[in-house]
Amino acid sequence: MEQDGIIQLDEINIRIIIRDLLKNCVYLAMAAIIGIMAVSIYFNITYKPMYTASATLAVLSRNSNGSSYANLNTAMSMADVLSAVFSSDIIKEKAVEVAGEKALDTQIKAELITETNLFELKVTAENPELAYDVINTVLNNYNSVSDYIFSNAVIEVIANPNVPVAPSNMINIDKYKKLGASACLLVAVMCYVVYALLRGTVKSVKEAERKIEGKCIAIISHEKKNRTLKSKIRNTTKGLLITSTTAGFNFREQFHKLAVRVEYYINKNHGKIIMVGSVAENEGKTTVAANLALALAEEERKVLLIDMDLMKPAQYKLFDIQNKQFGQYTDFLDESKDDSRFIRRDNKKNIYQMFIKNPVKDSQKLISSERFMYLIEKLRAAFDYIVIDVPPLFASPDALRINESCDASILVVRQDRVQASDINDAIDSLKEGNNNFIGYVLNDFDDKITGSIGYGKYGNYGKYGNYGEPKERGTV
């Protein structure tokens, strides 16, 4: 088997990735919010508003006689040093006298307006009043310096400054918030995509063939529970049984094919008892066990379905008999009641049932008892086939103990649910028992390569199941 961590193209299932993203949309939204908050905090810490007061000055040549060309040449010749004049120590000392020591932190610039004899004087400070006070100080005192440098020029103010009403270094914070949200959202999406690709679960049939030891004996595809308008309105939680009138043809045929393969294998090895298990909870083993038993019963076989998930029984919910009274075979195991009233017969579905309602605390004690072995041998003689629904292998040791009394076992593997390495460990454990491991059933498979559409949700039935139709109690 190939090792986990190696990604093949046929393992990339877009639907699973989209499902993961939708499933974790709350966390994706939180990532975007974190991006917005990070940008807000960053600008709250680093952003410092600055205010700029400006005035427009005209440079005129003393000997130009109003010539625009002379004025323009004079302005261009002064361009390189005029900023130094306005930001000279003398000007700053005057500004300090008027505005205080904060005037030393202001920025004073004089920029030539292209192709004109106009200069724009700008003073930038941390508050608007300081910028206004400093620029007025500069305008009132620049002549004391400029006269010594530019004896052939006159500088006149043609646009007086005003107190700035808004920061001159305004930042579009909303834009950066959107960028921050998008960046964090993208990172979160990429993390989920990488996780979906790298986690060692089985996401396609081809991947199962490469990574799972054993043979795939069936692929169970999606079947909608609520096909009719009435059932959709009621949102019924009845289960996915092949005997249901709303069950699709493809769904029925998949279980009939599974039954044929299981029957062929079990007859070839002269066995009767088939154990149906899974690695973890919510993989659909209860549904698969029930439908396998129903499919075998349709072949005119005498079939018994036993729910031996003693900690969390679910078959009575699957067949919707939770409101019916029936005996529990655990009473026979625990109290030595030698009768068979705990076996029900569903005449409509032509199947026998051994279910329990109440969980058993000390299940290992019952399964390890001589009464259990006696019961199994008695049932083996009475039925053509016995299908046993056992607890998840990684949830209870009961499954491996029951496995020793069975003739064959199959493992239900739900798409993208359990690590492939755990599945192989479970298969190794089953192979160590006395029975023969037939293979695994790929359940709830949405495979873009094979065209299977997936198995869908099982319903609102607790951990394992909630389905079916009841019938009266029967005896064997």
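Judged by distance alone, with hydrogens and angles left aside, the side-chain atoms of N127 form a donor-acceptor pair with the main-chain N or O of E129 at under 3.5 Å. In this structure, the side chain of D389 does not engage the main chain of D307 through any donor-acceptor pair within 3.5 Å. A donor-acceptor contact shorter than 3.5 Å is absent between the side chain of E283 and the backbone of N443. Using modelled atom types, no side-chain atom of D384 and backbone atom of R301 make a donor-acceptor pair closer than 3.5 Å. Between the side chain of R417 and the main chain of T201, no donor-acceptor pair closer than 3.5 Å is present.
Aromatic ring centres of Y192 and Y27 lie farther apart than the 6.0 Å criterion allows.
The minimum heavy-atom distance between I356 and Y329, with the atom names listed, is CG2-CE2, 3.5 Å. Shown here for F255 and A295, the closest heavy-atom pair between the two residues is O-CB, 3.7 Å. The minimum heavy-atom distance linking A196 with K203 is given by the pair O-CE, 3.3 Å.
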Mind running side-chain hydrogen bond (donor to acceptor under 3.5 Å, both in side chains) on Y385 and E263 for me, showing each step along the way?
CA-CA 9 Å; Y385 300 115; E263 186 175 21; 3.0 Å; yes
Quick one: do K102 and D133 satisfy salt bridge (charged side-chain N to carboxylate O under 4.0 Å, His left out)? Show the steps, please.
CA-CA 11 Å; K102 289 185 177 181; D133 291 341; over 6 Å; no
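For K302 and F383, the positive end sits near the middle of the six-membered ring, less than 6.0 Å away and at most 45° from its axis.
Counting only N and O atoms by type, the side chains of R345 and N350 include a donor and acceptor under 3.5 Å apart. Side chains of Q415 and D444: no donor on one and acceptor on the other come within 3.5 Å. A donor atom on one side chain and an acceptor atom on the other are found under 3.5 Å apart for S221 and N250.
Among residues two or more places apart in sequence or in another chain, the salt bridge (charged side-chain N to carboxylate O under 4.0 Å, His left out) test is passed with E377 by R380.
Annotation for Y47: atom OH counts as buried by contact number, over 12 foreign heavy atoms lying within 6.0 Å. The neighbour count for M30 CE, taken as heavy atoms of other residues, nucleotides or ligands under 6.0 Å away, does not exceed 12. Counting heavy atoms of neighbouring residues, nucleotides and ligands inside a 6.0 Å radius, atom NZ of K357 exceeds 12 of them.
Here the rule is side chain to side chain contact (heavy atoms under 4.5 Å, CB included) with M354, and of I386, T330, I388, I306 only I306 fits it. When N291, L292, L296 are each tested for a side chain to side chain contact (heavy atoms under 4.5 Å, CB included) with L258, only one passes: L292.
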